[in-house]
Amino acid sequence: DIEALDMSERLNNINNIFDVTSKPLIMDIDTGGKIEHLKLNIKSIERHGISAVIMEDKTGLKKNSLNEKTSNQKQETIKYFCEKIDQINKIKLNNEFMVFARIESLILNKGMKDALLRAKKYVEAGANGIMIHSKKNSPKEIFEFSDKFRKDYKFIPLICVPSTYNGVKEQQLIKKKF
């Protein structure tokens, strides 16, 4: 989870997956890299049959979000990340291709207000869905995010990753509209 594999290696691995399934595939593109590269990569990603991408709003050297030492990790500016989302939507070939914006505000202790502001701006920029991430050992924080997000966005897909709060049940996530 440090962007060690280049795009061609990742796409080759995905080709191998598509040799045994035709199910929709969502690709984690980490930070998406520079806008110039993102434009080229999205075309390749889409041509390979990938249905959607998840792009996180961190910048700099990629590190796992659940790493204990996150104090040196930074978030992309809202404006620049929105430009990335906009570029994906301009370059994509198929309107069914989706982009999910992964928000790291809660991971980086920037608070609920920042996470909700980013979600709003990312949806306005054209994100088809939001992935909210937390490293708390309880789902309380992401449930609070969902409750507040759903007041304005009833039908935008919302994704979470229950790695650290893995005791949460599927029915609880469904009830909270994930």
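FYI, the numbering just counts along the sequence from 1.
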Q | Criterion salt bridge (Lys or Arg N to Asp or Glu O under 4.0 Å) on K151 and D147, from CA distance to verdict | A | CA-CA 7 Å; K151 288 179 183 175; D147 289 342; over 6 Å; no
**Q.** Chi angles and distances behind the salt bridge (Lys or Arg N to Asp or Glu O under 4.0 Å) call for D30, R10
**A.** CA-CA 12 Å; D30 299 319; R10 294 174 77 190; 3.6 Å; yes
Q. Do S134 and E141 have a side chain donor and acceptor closer than 3.5 Å?
A.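 Checked: S134/E141 side chains pair up, N/O donor to acceptor below 3.5 Å.
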Q: Answer yes if the side chains of Q75 and K58 hold a donor-acceptor pair under 3.5 Å, and no otherwise.
A: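 No.
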Using every non-hydrogen atom in the two residues, find where [X] and [Y] come nearest and quote the distance to one decimal.
X: I156; Y: G129; result: CG2-CA, 3.7 Å
X: F18; Y: G49; result: CZ-O, 3.6 Å
X: N128; Y: M98; result: OD1-CA, 3.3 Å
X: L108; Y: K74; result: CD1-C, 4.2 Å
X: N89; Y: G126; result: ND2-O, 3.1 Å
X: P162; Y: C160; result: CD-O, 3.6 Å

Nearest-0.5 Å distance, [atom1] of residue [X] to [atom2] of residue [Y]:
X: Q87; Y: K92; atom1: CD; atom2: NZ; value: 13.0 Å
X: L93; Y: I42; atom1: CG; atom2: CD1; value: 10.0 Å
X: L25; Y: I17; atom1: CG; atom2: CD1; value: 5.5 Å
X: I130; Y: L116; atom1: CD1; atom2: CG; value: 10.0 Å
X: Y80; Y: D57; atom1: OH; atom2: CG; value: 13.0 Å
X: H133; Y: S163; atom1: NE2; atom2: OG; value: 6.0 Å

Please examine the side chains of [Y] and [X], heavy atoms only from C-beta on, and report whether any two atoms are closer than 4.5 Å.
X: F178; Y: Q172; answer: no
X: I142; Y: L173; answer: yes
X: I78; Y: L117; answer: yes
X: K84; Y: E76; answer: yes
X: L158; Y: S146; answer: yes
X: N41; Y: I29; answer: no
X: F100; Y: V53; answer: no
X: C82; Y: Y122; answer: yes

For the side chain of [X] and the backbone of [Y], is there at least one donor-acceptor N/O pair under 3.5 Å apart?
X: R150; Y: K177; result: yes
X: S105; Y: G111; result: no
X: H48; Y: S44; result: yes
X: E46; Y: N94; result: yes

[X], [atom1] atom: more than 12 neighbouring heavy atoms under 6.0 Å:
X: D19; atom1: CG; value: yes
X: E9; atom1: CD; value: yes
X: N13; atom1: CG; value: yes
X: K110; atom1: NZ; value: yes

According to a 4.5 Å side-chain heavy-atom criterion applied to Ile, Leu, Val, Met, Phe, Trp and Tyr, with indirect links allowed, do [X] and [Y] form part of one hydrophobic cluster?
X: M131; Y: Y153; result: no
X: I14; Y: V99; result: yes
X: Y165; Y: F145; result: yes
X: M7; Y: I91; result: yes
X: M27; Y: V161; result: no

Q) Which is it for K120 and D152 under the salt bridge (Lys or Arg N to Asp or Glu O under 4.0 Å) test, yes or no, and what are the steps along the way? A) CA-CA 9 Å; K120 177 181 192 266; D152 294 320; over 6 Å; no
Q: Decide side chain to side chain contact (heavy atoms under 4.5 Å, CB included) for F97 and I45; before the verdict, give the C-alpha distance in whole Å, the side-chain angles of both, and the deciding distance to 0.1 Å.
A: CA-CA 10 Å; F97 183 81; I45 287 167; 4.0 Å; yes
Q: With M55 as reference, evaluate T31, L38, D28 under the side chain to side chain contact (heavy atoms under 4.5 Å, CB included) test and give the passing residue.
A: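 With M55 as partner, T31, L38, D28 yield a single side chain to side chain contact (heavy atoms under 4.5 Å, CB included), made by L38.
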Q.
Working note: K140 + E144, criterion salt bridge (Lys or Arg N to Asp or Glu O under 4.0 Å); need CA distance, chi angles, decisive distance, verdict.
A. CA-CA 6 Å; K140 182 180 176 187; E144 178 185 348; over 6 Å; no
Q) Transitive ILVMFWY cluster of I174 at side-chain heavy atoms under 4.5 Å: who else is in it? A)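 Reading the cluster by chain and number, I174 sits alone, since nothing else belongs.
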